[in-house]
*Asks:* 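I have a structure I would like to understand better, so I am pasting it below and will then ask my questions one at a time.
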Amino acid sequence: MGNEVLLDAGAVSRCRRRVHLEHDPAMRDVPLPPPDPTAQQRIADATAHREAILQRLIDATTDAAGSDAMGRDVTSADATWARIPRDLPAADRVRLTEEAFAEGTRFIWGPLLQADPVGHRRGGVDLLVRTATGYVPVLVVRHRITDRGQGAPTTGLTDLDPAHRTPDEARKVRSQPRDQLRLAHLRRMLQTYGRAETGRAVGGVIGLDADVVVWHDLTAGTWPGGRSALAEYDARFADRLAVATAAATGGEPLAMPSRVLECRRCPFWPTCEVQLTETRDVSLVVRGEDAGELRRTGVSTVDKLAALDPAAEAPPMNWTGGTFADAIMLARAWLAGLTVVRRTPQVEVPRGDVEVDVDMESFGDAGAYLWGTLLSGADIGVEQGYRAFATWEPLPTTDEARSFAEFWAWFTDVRERTLAAGLTFRAYCYNALAENRWLFGSVERFGDHPGIPTKKDVQSFVDSDEWVDLFRSVTDQFLCSRGKGLKVIAPVAGFRWRDAEAGGEASMRWYRDAVGMDGETPDDTQRERLLQYNEDDVLATKALREWMSDRAQVEVPFMLDL
């Protein structure tokens, strides 16, 4: 029965418990949550991205006279390309892939390889490219694969020959481990059927920017400990295969539930949540490797962790998250049903005579389409309240430069008026990583546009005492037993969003409709919905900092009083 276990490339990146549940016969009749609309939209976007890349590649590798990129005469694009529809039954896709192999097709789009019952692998890839000695896999992904820098081994987008790769003087490889592990999976499958290029193993990736192909050497020791991508893949695959086989054959489970970041989007989370709650598992308050460290010392439940002495207990080896005393107090807060407890005797937030709350809205890696502000405090001759700076042209667009320049001009004017009046200025956001990313990103992308600040100007502001990250203030002064997101913490301060669906994932759907991204007429009601959502976010940060300055001291218990 173990021979029936087949793993796809994603198994090596997924939670071990999820791999178990995917192969547990007892789970076959357990209803799973309905598909997440946001996840479905991401899949649709990825499909559209792949199709756009395919057309560009076909156009570049065949000309009107019927010659392919290798200079050979062909009668049509199909003589160079085999395009295998993904919506065909699996058996048909495999058959068409085998026919393309037999014909020596140069480019095979959407291939599905024969399942390998001996190696326990199954899967396909976006593109296979035939070289002089075999095929190499190429992924087409909808995320960025390079950053500014140098050294990334690339070819131009339409040059699909890995032998032509050279170090790029303008790009460095962005860490995307899953891409390399997927390529390793396909490399192993191609090797099984004698289809892999001989010699050094390589695989290509075309990313969101669709300007180059990044070629990964899967045998290079670029992973921790000097391992190669293939070595890392082989180790992970052996582990996941053992987990899946134990589940499929009714053996002793090799992976028990534990709360990790992946749980947020896992269809099996409702199943795991019930079990974790029933057992009061320690991962409900301490996640990741730290939960495993606690279990190895016999501290497997929230109750056992809460019973420890925060002043006397030493942490387990390899402890990574916060202080061990904080973990104990988090457990006590969870048992008491408290969302937050104070870590410090006194709660403090920097305040100014003039205050601006800032919240940015972005659409994935495509750009930041909205900068929302809320001005309050002393009168400096600028209208107070909410103000938004937005572009409603579908991202990416150079109109983003215009909206960002207008935001920065208004923001700078408020700062200068405040200082000229001899008053103090503070600007607030919740988790500055997001805002800072697009502050600097806007400078890098639109530096030549009128009104765009210099990197030095942005750096000076970000490094100043005027820029206050409330997420950091919350982290430093509170223990949060149910997470530290604004949607979790602001309600403790008494704030409520007007839209019941308000959230980052939902805003992605609203944005698509607002700009008519899917070919529909732009929806003004969704624009208003996004503006209201953004306004509520800045109102939430204002409510949070005012609560921290005033009522939090008396409303939130001090951790040592638990």
Side-chain angles (χ1 to χ4, degrees), residues 38 41-42 45-46 48-49 52 142-148 170-171 174 207-211 356-374 386-415 427 429-459 461-462 467 504-524 526-535 537-538:
T38 304
Q41 188 59 65
R42 284 196 296 267
D45 290 343
H49 177 63
R142 202 172 181 274
H143 54 248
R144 289 201 161 89
I145 58 175
T146 63
D147 292 311
R148 289 192 175 188
R171 299 174 176 86
R174 175 180 286 197
L208 178 63
D209 293 328
D211 50 1
V356 176
D357 296 277
V358 179
D359 185 68
M360 174 277 310
E361 305 292 345
S362 62
F363 186 71
D365 287 334
Y369 64 89
L370 171 62
W371 292 85
T373 64
L374 182 68
Y386 176 70
R387 181 165 183 158
F389 303 86
T391 175
W392 298 114
E393 293 184 5
L395 294 171
T397 171
T398 55
D399 192 53
E400 182 188 347
R402 187 267 316 157
S403 62
F404 176 73
E406 291 178 357
F407 157 73
W408 189 260
W410 177 89
F411 191 70
T412 300
D413 180 53
V414 169
R415 292 174 68 200
C429 67
Y430 201 80
N431 197 346
L433 286 175
E435 274 70 22
N436 288 353
R437 174 193 177 187
W438 290 108
L439 284 172
F440 288 108
S442 299
V443 170
E444 291 177 1
R445 291 178 299 139
F446 306 120
D448 296 334
H449 189 279
I452 299 295
T454 65
K455 182 178 180 181
K456 182 179 179 180
D457 290 338
V458 173
Q459 192 71 60
F461 165 67
V462 167
W467 189 224
E505 294 288 349
S507 71
M508 296 291 185
R509 301 197 304 271
W510 303 343
Y511 174 79
R512 302 185 70 90
D513 295 336
V515 300
M517 184 169 284
D518 300 312
E520 303 294 333
T521 301
D523 188 340
D524 289 340
Q526 293 295 65
R527 293 183 182 183
E528 291 301 319
R529 195 176 193 184
L530 284 166
L531 290 170
Q532 182 189 82
Y533 165 59
N534 181 259
E535 181 181 12
D537 275 357
V538 290

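Since this is a predicted model, take the numbers as computed values, not measurements.
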*Asks:* How long is the gap from CE on M508 to CG on L530, to the nearest 0.5 Å?
*Replies:*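 Nearest 0.5 Å value for the CE-CG distance: 10.5 Å.
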*Asks:* Do F404 and T391 have side chains that get closer than 4.5 Å, going by heavy atoms?
*Replies:*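 Answer no - side chains too far apart.
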*Asks:* With a 4.5 Å cut-off on side-chain heavy atoms, are Y430 and E435 touching?
*Replies:*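 Not in contact.
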*Asks:* If we ignore hydrogens and angles and just use 3.5 Å, is the side chain of R402 paired with the main-chain N or O of P450 as donor and acceptor?
*Replies:*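 No.
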*Asks:* Taking atom CZ of R529 and atom CH2 of W510, what is their separation to the nearest 0.5 Å?
*Replies:*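 Separation between the atoms: 4.5 Å.
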*Asks:* Might you point out which heavy atoms bring P522 and R527 nearest each other, and give the distance in Å?
*Replies:*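 Heavy atoms of P522 and R527 come nearest at CB-NH2, 3.5 Å.
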*Asks:* So N534 and E361, do their side chains get closer than 4.5 Å, heavy atoms only?
*Replies:*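 They are in contact (side-chain heavy atoms under 4.5 Å apart), so the answer is yes.
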*Asks:* Please determine if D209 and R144 form a salt bridge, counting it only when a charged side-chain N lies under 4.0 Å from a carboxylate O.
*Replies:*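 Here D209 pairs with R144 in a salt bridge, since their nearest N and O are under 4.0 Å apart.
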*Asks:* Do D365 and R437 meet the salt-bridge criterion of a basic N to acidic O distance under 4.0 Å?
*Replies:*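 Salt bridge present between R437 and D365.
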*Asks:* Are any of the side-chain heavy atoms of D359 and W371 separated by less than 4.5 Å?
*Replies:*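 They are not in contact (no side-chain heavy atoms under 4.5 Å apart), so the answer is no.
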*Asks:* For D45 and R512, run salt bridge (charged side-chain N to carboxylate O under 4.0 Å, His left out): C-alpha distance rounded to whole Å, both residues' side-chain angles, the deciding distance at 0.1 Å, then the answer.
*Replies:* CA-CA 11 Å; D45 290 343; R512 302 185 70 90; 2.5 Å; yes
*Asks:* What distance separates C429 SG from D537 CG, expressed to the nearest 0.5 Å?
*Replies:*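 C429 atom SG to D537 atom CG measures 11.5 Å (nearest 0.5 Å).
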*Asks:* Any donor and acceptor pair, going by atom type alone, linking the side chain of H49 with main-chain N or O of G207 inside 3.5 Å?
*Replies:*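 Checked: pair present.
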*Asks:* If you look at every heavy atom in E393 and T397, which pair is closest and at what distance?
*Replies:*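 It is OE1-OG1, 2.6 Å.
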*Asks:* Go through L370 and Y511 one step at a time and tell me if the side chain to side chain contact (heavy atoms under 4.5 Å, CB included) criterion holds.
*Replies:* CA-CA 11 Å; L370 171 62; Y511 174 79; over 6 Å; no
*Asks:* I need the minimum non-hydrogen distance between L531 and Y386, along with the two atoms involved.
*Replies:*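 Heavy atoms of L531 and Y386 come nearest at O-OH, 3.5 Å.
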*Asks:* Do V443 and T454 make a side-chain contact, defined as non-hydrogen atoms from C-beta onward lying under 4.5 Å apart?
*Replies:*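 V443 does not reach T454 side chain to side chain.
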*Asks:* Counting only heavy atoms not in E444, do more than 12 sit closer than 6.0 Å to its CD atom?
*Replies:*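 Check passes, neighbour count above 12.
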*Asks:* For a quick test of reading the model, state the closest non-hydrogen atom pair linking L439 to F407 and the distance between them.
*Replies:*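 L439 and F407 have their closest heavy atoms at CD2-CE2, 4.2 Å.
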*Asks:* Does any N or O in the side chain of R171 come within less than 3.5 Å of the main-chain N or O of D147, such that one atom is a donor and the other an acceptor?
*Replies:*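 No; judged by distance alone, with no hydrogens or angles, the pair does not exist.
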*Asks:* Do the ring planes of Y369 and W392 sit parallel (below 30°), tilted (30 to 60°) or perpendicular (above 60°)?
*Replies:*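 Rings of Y369 and W392: tilted, 30 to 60°.
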*Asks:* Any side-chain heavy-atom pair from W410 and T373 closer than 4.5 angstrom?
*Replies:*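 The answer is yes, as the side chains (C-beta and beyond) meet within the 4.5 Å cut-off.
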*Asks:* Would R174 and T146 count as a side chain to side chain contact (heavy atoms under 4.5 Å, CB included) here? Give the steps.
*Replies:* CA-CA 5 Å; R174 175 180 286 197; T146 63; 5.5 Å; no
*Asks:* Considering non-hydrogen atoms only, spot the tightest contact between Y533 and G504 and give its length.
*Replies:*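 Here Y533 and G504 meet closest at OH-N, 3.4 Å.
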*Asks:* Taking all heavy atoms of W438 and all of S362, pick out the closest pair and write down the distance.
*Replies:*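 The pair with the smallest heavy-atom distance is NE1-CB, 3.6 Å.
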*Asks:* With a 4.5 Å heavy-atom cut-off, do F411 and V358 have their side chains touching?
*Replies:*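 Side chain of F411 against side chain of V358, heavy atoms only: contact under 4.5 Å found.
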*Asks:* Quick one, E400 with R445, criterion salt bridge (charged side-chain N to carboxylate O under 4.0 Å, His left out). Give me CA distance, side-chain angles, the key distance, then yes/no.
*Replies:* CA-CA 10 Å; E400 182 188 347; R445 291 178 299 139; 2.5 Å; yes
*Asks:* Side chains of V515 and D523: does their closest heavy-atom pair fall under 4.5 Å?
*Replies:*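 The answer is no, as the side chains (C-beta and beyond) never meet within the 4.5 Å cut-off.
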*Asks:* Do N436 and W467 have side-chain atoms, one donor and one acceptor, less than 3.5 Å apart?
*Replies:*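 Result is yes, a qualifying pair exists.
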*Asks:* Does W408 offer a backbone N or O that forms a donor-acceptor pair with the side chain of T412 under 3.5 Å?
*Replies:*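 Looks like yes, one N/O pair under 3.5 Å.
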